[in-house]
Amino acid sequence: MPQRSPPRSIATVCLSGTLPDKLEAAAAAGFDGVEIFENDLLTFDGTPAEVRRMCEDLDLAITIFQPFRDFEGMPEPQRSRNLDRAERKFDTMQALGTDLILVCSNVHAASLPEPARAAEDLRAMAERAAARSLRVCYEALAWGRHVSRWRQAWEIVRQADHAALGLCLDSFHTLSLGDDLGALAGTVPAEKLFFVQLADAPKLSMDVLSWSRHHRLFPGQGELPVAGFLTDLLAAGYAGPLSLEVFNDEFRAAPSRRIARDGLRSLVILEDRAGVAPLPALPKLSGIEFVEFAVDHAAREELGRFVGALGFRRTGLHRSKDVELWRNGGANLVFNAEPDSAASERFEQLGACVCAMAVRVDDAARIVARAEKLSYAVWRERIGAGERRIPAVRAPDGTLVYLVEDPPGGGRRFWEDDFHLEAGDDGGELLGVDHVAQAMTPDMMDSFVLFYRALLGLLPDAPWELPDPYGLVRSSAFIDGGGSVRLPLNVSESRRTGTGRFVSAHAGAGVHHVAFLAADAVAAVDAAAAKGAPLLDIP
Ligand code: MG
């Protein structure tokens, strides 16, 4: 039986903007609660009581107040001062209306390497917290001076033996050290698991503090086994909120609403993968059916001349729209000049560009249901009588991904229902679309990674760094299990690289090349050259 989804929470530190911006973005995305990061409270021009009211108005619980640093195992006089500091934090918590505070393991040079002292101090803090009906949870920082593993933190919590003291587990701190929660069930009683923080990250070789502070990602965007972490945690009986705690320089500069929505999606996917709330299954993909360009009549004529030299012929006219099909063998291009359409919207913004692509899926309705569960916008273009409804999902940059079903047993295809097709359109040397490459800014890359992974199940191939004369381009191809859909995503920090200039001109992201598959590529190029195609000089 699927369990009920746990409450979903996000730390304010994940998002950009002022504290009210962050809270609004979290609520709009559908989170149940927020972790109030102390720094966000300090820079907010208002009282904790106002923050409490804002959260109440937005129907957001404050799941935890964090972090309280360098508390345990300090010599006197810091020890007594720390207990006084704790009382001031408790005042703030009561004004905020939250009962839980996070203490992360001490990194201070003067802290003592004595678990018994740490336990004694945390017990003293828990005793004071309990007097106000508050609770304390203790988290092992991966770079803690004496405590860096959850087992060490648990040993201290166990020794302290106070009902108001428990553990906070953080997937980054655990998984970045190559550790796991495999032994959690049977070691830590469920009632001692007070809180969990989830984050993913790319595998990087750098010091763990910098890695954590700048490169954390939402689950599913990186390479850490976060789903296994959650499975182990739930097996140990954890029943509290699932909270995202991601420190990422790009996220903190990107629009907070987009990042908050991606955060919520990452939890939905994680819950699916951990078996908490299964999503409609991923599609079985079988290639790219067409690439669609937004054009006006002048752009269409120019593009037609260009692809004509590549051996494409206009082989179809849409029955009810100003849309043409150009075909070369198995490769289909759609030129869309229909007014008041998703394509015309794109054309008005950016001029002629790729505005959509279509992937062949086994069951479009199931993928639409999956998209809706992931809060991706589903687009349904208006259709004429007798035409097929081809659903599409909006990608993070506003382009569309159409979901085309391959009819079983080579049945009637949508082209025949929607287009007046020229007879005898076979021939042409291309076998299909090989890949569609997109250029984007670094923060858009993370949104796209989540989109392609979550919706289509595409996984990244090994990353490449391509030297451009004006900077580096990072490239990673996202591929489905069968290898039929391949989408390289390219990112450049430099605005002067080809990729960077393209991204600036395309408001953040866009398709910058389409590659076709040919049985004989050299023959296809020779044929294109003979027809006068402008070939790229390669030294
Ligand atoms: Mg943490």
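Keep in mind that what you see is a predicted model, and the values were worked out from it rather than measured. When a ligand or atom number is given, it counts from 1 through the structure's own listing order.
In this view, Trp154 satisfies the ring-ring contact (aromatic ring centres under 6.0 Å, His included) rule with no residue, not counting sequence neighbours.
When all heavy atoms are compared, the tightest approach of Thr63 to Ser9 is OG1-OG, 3.0 Å.
In this structure, Trp150 has its ring center no closer than 6.0 Å to that of His173. For Phe251 and Phe218, the ring centers sit closer than 6.0 Å to each other.
Crowding of Arg85 atom CZ: a count of heavy atoms from other residues, nucleotides or ligands under 6.0 Å exceeding 12.
Inspection of the environment of the Mg ion (ligand 1) yields the following protein N, O or S atoms under 2.8 Å: Glu139 OE2, Asp170 OD2, Gln197 OE1, Glu245 OE1.
Looking only at atom types and distance, the side chain of Ser375 has no donor-acceptor partner in the side chain of Arg265 under 3.5 Å away.
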